[in-house]
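For reference, the structure discussed in these notes is given below.
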Amino acid sequence: DDAATQAAMLPGGWLRTGDIVRRQDSFLWMADRKRELILTGGFNVYPSQVEAAIRSMQGVADVAVVGLPDGAMGELVCAAVLTEGTAPDSVTLEAVREHAERTVPRYALPHRLEVIEEMPRSQIGKILRRVVRERVLERTAGED
């Protein structure tokens, strides 16, 4: 995609990667990818921050957090979880929100929970949030 490549190039040979970083004590920390940032009600939600909070919950094997269209609010935070253990029924939206609110702000808490059978990953093992989002949207369209 020549247009996308040109948009990513900056003067002097620099490349705009789309990574969001934060500086703390002279270190740069990767926060997330700009295109995966969720905008909800005027707030920025970093999926990796919400995923870390949910991943530590008992019964959750893995999680991907994505934004779904939500009209005037922008996007709705959705957590797609892969459950583990003998009690997957204990992983409910209410339980996930209660667990995650210990470490993430209220506006970042999921408003939708999808239990999935497998987590789509790239060849190097990275979760493919785009694919998760597409699958959740397909499932949502099937409910209408």
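A quick note: this is a predicted structure, and the numbers were derived from the prediction, not measured.
When the side chains of ILVMFWY residues are joined at heavy-atom separations under 4.5 Å, either directly or via intervening members, Val131 and Val63 end up in two distinct hydrophobic clusters. Using a 4.5 Å cut-off between side-chain heavy atoms of Ile, Leu, Val, Met, Phe, Trp and Tyr, with links allowed through other members, Leu76 and Val104 fall into different hydrophobic clusters. At a threshold of 4.5 Å between side-chain heavy atoms, the hydrophobic network of Ile, Leu, Val, Met, Phe, Trp and Tyr places Ile127 and Val115 in two separate groups. Note on Leu113 and Leu137: separate hydrophobic clusters, where clusters join Ile, Leu, Val, Met, Phe, Trp and Tyr whose side-chain heavy atoms are under 4.5 Å apart, directly or indirectly. Connection of Val136 to Met119 is established within a shared hydrophobic cluster, with ILVMFWY side chains joined at heavy-atom distances below 4.5 Å, either directly or through further cluster members.
For the residue pair His111 and Thr40, no side-chain donor N or O sits within less than 3.5 Å of a side-chain acceptor on the partner. Under the 3.5 Å distance criterion, with hydrogens and angles disregarded, a donor-acceptor pair is assigned to the side chains of Arg112 and Thr140.
No more than 12 heavy atoms of other residues, nucleotides or ligands sit less than 6.0 Å from atom CD of Gln58.
Side-chain contact between Val81 and Asp62 is absent, with no heavy-atom pair separated by less than 4.5 Å. Considering only heavy atoms from C-beta on, Arg129 comes within 4.5 Å of Glu51 through its side chain. A heavy-atom distance below 4.5 Å is found between the side chains of Pro120 and Val132. Looking at Val45 and Leu37, their side chains never come closer than 4.5 Å, going by heavy atoms from C-beta outward. Side-chain contact between Ile38 and Val65 is present, with heavy atoms from C-beta onward closer than 4.5 Å. Side-chain contact between Pro110 and Leu93 is present, with heavy atoms from C-beta onward closer than 4.5 Å. In this structure, Arg121 and Leu128 have side chains that are not in contact, with every pair of non-hydrogen atoms separated by 4.5 Å or more.
Taking the charged nitrogens against the carboxylate oxygens, Glu134 and Arg130 do have a contact shorter than 4.0 Å, which makes a salt bridge.
Rounded to the nearest 0.5 angstrom, Arg55 CZ and Ser48 OG are separated by 9.0 Å. Rounding to the nearest 0.5 Å gives a distance of 12.0 Å between CZ of Phe43 and CZ of Arg106. Note that the CZ atom of Arg97 and the CD atom of Glu101 stand 7.5 Å from one another [nearest 0.5 Å].
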Chi angles and distances behind the side-chain contact (heavy atoms from CB on, under 4.5 Å) call for Leu39, Asn44: CA-CA 5 Å; Leu39 300 173; Asn44 293 341; 2.8 Å; yes
Give the intermediate values and the outcome of side-chain contact (heavy atoms from CB on, under 4.5 Å) for residues Val60 and Leu82. CA-CA 6 Å; Val60 173; Leu82 186 63; over 6 Å; no
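Closest non-hydrogen pair, Val91 versus Gly59, comes out as CG2-O, 3.7 Å. The shortest heavy-atom contact between Val77 and Ala108 is CG1-O, 3.6 Å. Minimum heavy-atom separation, Met57 to Ser90: CE-O, 4.1 Å.
At distances below 3.5 Å, at least one donor-acceptor pair connects side-chain atoms of His99 with backbone N or O atoms of Ala53. Counting only distance, with no hydrogens or angles, the side chain of Glu75 and the backbone of Leu68 share no donor-acceptor pair below 3.5 Å.
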